[in-house]
S.K.: 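First the structure, which I've put down as structure tokens, then a few questions once you've had a look.
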There are 2 protein chains.
Amino acid sequence: MIKIAIIDDHDLFREGIRLVLGQIEDFDVVFDTSDGSLFLEFLQHTIPDVVLMDINMPIIDGVETTEKSLEMRPELKIIALTMFADTTHYTQMINAGVKGFILKKSNKNELQHAITMVNSGGNYFSQEIIQKLAFQTINSNAGNDSLTSREMDILHWVCTGLTTHEIADKLFISAKTVEVHRNNILHKADVRNSAELIIWAVKNNYFSIE
Amino acid sequence: MIKIAIIDDHDLFREGIRLVLGQIEDFDVVFDTSDGSLFLEFLQHTIPDVVLMDINMPIIDGVETTEKSLEMRPELKIIALTMFADTTHYTQMINAGVKGFILKKSNKNELQHAITMVNSGGNYFSQEIIQKLAFQTINSNAGNDSLTSREMDILHWVCTGLTTHEIADKLFISAKTVEVHRNNILHKADVRNSAELIIWAVKNNYFSIE
DNA sequence: TGTGAGCTAAGGGTTTTCCCTTATGTGAGG
DNA sequence: CCTCACATAAGGGAAAACCCTTAGCTCACA
């Protein structure tokens, strides 16, 4: 029996996954929650074999929960569930200790395969992510550098529609500084303007539309 | 027994909903598909009591499927499943004959309640949508006018990051014309700039991030 | 102790967006 | 037939975004 835990704030989806996995022989969903901190409590007395962790959360809580979980239980096998093929975070996530990436639009077979692979000590990365990564190495530096924390701040406000001047006021810095950050972000994301940037930010989990 | 059909291109989610509903007494999922045209074929020989229809599709196929379904079977009770509380389409959707709106982030109880209500001849609209609509009537004209088809064209290209000039070239019209459309869209959406516009477009199913 | 990354900031330029106005043509519907 | 909505287009100006450069400061790290 493979003991599985699911963390996803999306009630219907989580419940659905639970039932889908429950149908599969040898799979046993021992825990599911919408709240990362409840999972950390759970970890104090039980260790699941495989964890499905939604990354796509308000206030970047998926990544945080992953890191804290692996501090507590470094042997934990975590598969990241993401809405989009997020390639900018993949090194961080792998460094954080994630064993797999699977897209929310995948199907039952793929999910089953991923869980089986990861449980038996392997990795699983969905085809879309692998293809994107391959394409990125061809285009060398395109969208590879990760953002600094200040850049993430600025990106967040850009995505909510604030102007450079407004962001400057909000952060108590010069508009020229915000401009520099914006430009650096544009280069790192390898996009031409705010429109492309916002789409990129959503796809790469820097910003989520609620 | 309430016979239910589910149309959603998101395999795991659809399968999950199917199992969730299958658990409920009196509910019977008689059909589920990722493809709207397959549902139209199905409708030729069977009429479900309630249809759960995902609206959030590539190439606006959810709305189209809804309209065609109701042409074939006007008595059909369709509940729209949406990712966001999309208020700009609500009149069109109600005119099209939809009996309810429910958010994908809702839970099992709410879904069950919605299906029961709609099946017995009622309506169901999730709280979030009702609140947004109430707020909109206070702010009178804010974000109420619907877009023309040309405006939707332009909006699509704005969301993919093309500049006014590039859109003009693509559509073989003057940049000045594109500018007029952009401004009209900004006013109808009641937003200040492209950044806000893109978020608005995603939330209101004018553009979806794939 | 220097080297580098990151935040800060300014100068100075081009391009694009945003925001008015006015105006013509066309097709649908009363 | 006449209005009305829509698409088209232009002028003209203000604001914002975009794109370089240079440069000082701090903090961590080797």
Side-chain angles (χ1 to χ4, degrees), chain A residues 60 88-89 91-92 95 141-202 206-207, chain B residues 60 88-89 91-92 95 141-202 206-207:
Chain A
I60 203 157
T88 62
H89 287 113
T91 31
Q92 287 157 269
N95 287 338
N141 204 32
N144 242 345
D145 301 326
S146 64
L147 301 187
T148 68
S149 68
R150 197 52 156 176
E151 284 165 352
M152 287 190 233
D153 289 347
I154 271 101
L155 177 56
H156 176 262
W157 294 115
V158 170
C159 287
T160 60
L162 296 199
T163 66
T164 295
H165 189 74
E166 287 166 341
I167 296 170
D169 285 350
K170 194 169 276 281
L171 302 180
F172 304 108
I173 57 179
S174 150
K176 270 295 183 184
T177 303
V178 177
E179 231 182 278
V180 170
H181 286 308
R182 281 187 91 132
N183 274 292
N184 291 338
I185 297 168
L186 286 179
H187 282 124
K188 286 185 179 179
D190 191 36
V191 296
R192 300 182 305 153
N193 52 43
S194 297
E196 285 185 358
L197 181 61
I198 288 164
I199 303 300
W200 177 88
V202 171
Y206 283 113
F207 185 73
Chain B
I60 203 156
T88 63
H89 288 113
T91 32
Q92 286 157 270
N95 287 339
N141 203 33
N144 241 343
D145 301 327
S146 63
L147 301 187
T148 68
S149 68
R150 196 52 155 175
E151 284 165 352
M152 287 190 235
D153 290 346
I154 272 101
L155 178 55
H156 177 262
W157 294 116
V158 169
C159 288
T160 60
L162 297 197
T163 65
T164 296
H165 189 75
E166 288 167 340
I167 296 170
D169 285 351
K170 193 168 275 281
L171 301 180
F172 305 109
I173 57 179
S174 151
K176 270 297 183 183
T177 303
V178 177
E179 230 181 279
V180 170
H181 287 307
R182 282 187 90 133
N183 274 291
N184 290 338
I185 296 167
L186 286 180
H187 282 123
K188 286 185 179 179
D190 191 35
V191 296
R192 299 183 304 155
N193 52 43
S194 297
E196 285 185 358
L197 180 61
I198 288 163
I199 303 300
W200 178 87
V202 171
Y206 283 112
F207 185 73

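Letters A, B, ... mirror the listed sequences (proteins, then strands); counts begin at 1. No hydrogens, no waters, no symmetry mates; every other heavy atom, side chains included, goes into these values. Quantities reported herein were computed from a predicted structural model and do not represent experimental measurements.
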S.K.: Taking only the side-chain nitrogens and oxygens of A:Thr177, find out if one of them lies under 4.0 Å from OP1 or OP2 of C:dA9.
M.R.: yes
S.K.: Measuring from A:Lys188:NZ to A:Leu155:CG, what's the distance to the nearest 0.5 Å?
M.R.: 11.0 Å
S.K.: Could you state the atom-to-atom distance from CG of A:Leu197 to P of C:dT16 in whole Å?
M.R.: 17 Å
S.K.: Using a cut-off of 4.0 Å between protein heavy atoms and nucleotide atoms, how would you tag nucleotides 18-28 of chain C 5' to 3' with B, S and -?
M.R.: BBS--------
S.K.: Would you please name every residue forming a salt bridge (charged side-chain N to carboxylate O under 4.0 Å, His left out) with A:Asp153, sequence neighbours left out?
M.R.: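 Only A:Arg150 meet the salt bridge (charged side-chain N to carboxylate O under 4.0 Å, His left out) criterion with A:Asp153.
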S.K.: In this structure, how many angstroms lie between the P atom of D:dC6 and the CE atom of B:Met152, rounded?
M.R.: 11 Å
S.K.: Can you tell me how far the OG atom of A:Ser146 sits from the CE atom of A:Met152, to the nearest 0.5 Å?
M.R.: 6.5 Å
S.K.: Under a 4.0 Å N-O cut-off, is there an ion pair linking A:Lys176 with A:Glu179?
M.R.: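 A salt bridge is present here (some side-chain N lies under 4.0 Å from a carboxylate O).
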S.K.: Is there a donor-acceptor pair under 3.5 Å between the side chain of A:Glu196 and the backbone N or O of A:Arg192?
M.R.: yes
S.K.: Can you check whether B:Leu171 reaches B:Ile154 side chain to side chain, under 4.5 Å on heavy atoms?
M.R.: yes
S.K.: Mind running a 4.0 Å heavy-atom check of residues 153-171 of chain B against DNA chain C and sending the residues that fall below it, in number order?
M.R.: B:Thr163, B:Thr164
S.K.: With a 4.5 Å heavy-atom cut-off, do B:Leu147 and B:Thr88 have their side chains touching?
M.R.: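 Side-chain contact under 4.5 Å: no.
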S.K.: How many Å lie between CG on B:Asn184 and C1' on D:dA9, as a whole number?
M.R.: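 The distance from CG of B:Asn184 to C1' of D:dA9 comes to 13 Å, rounded to the nearest Å.
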S.K.: What integer distance in Å separates A:His181:NE2 from D:dA17:P?
M.R.: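 Rounded to whole Å, this separation is 15 Å.
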S.K.: If the plane angle is over 60° it's perpendicular, under 30° parallel, otherwise tilted; pick one for A:Tyr206 and A:Trp200.
M.R.: parallel
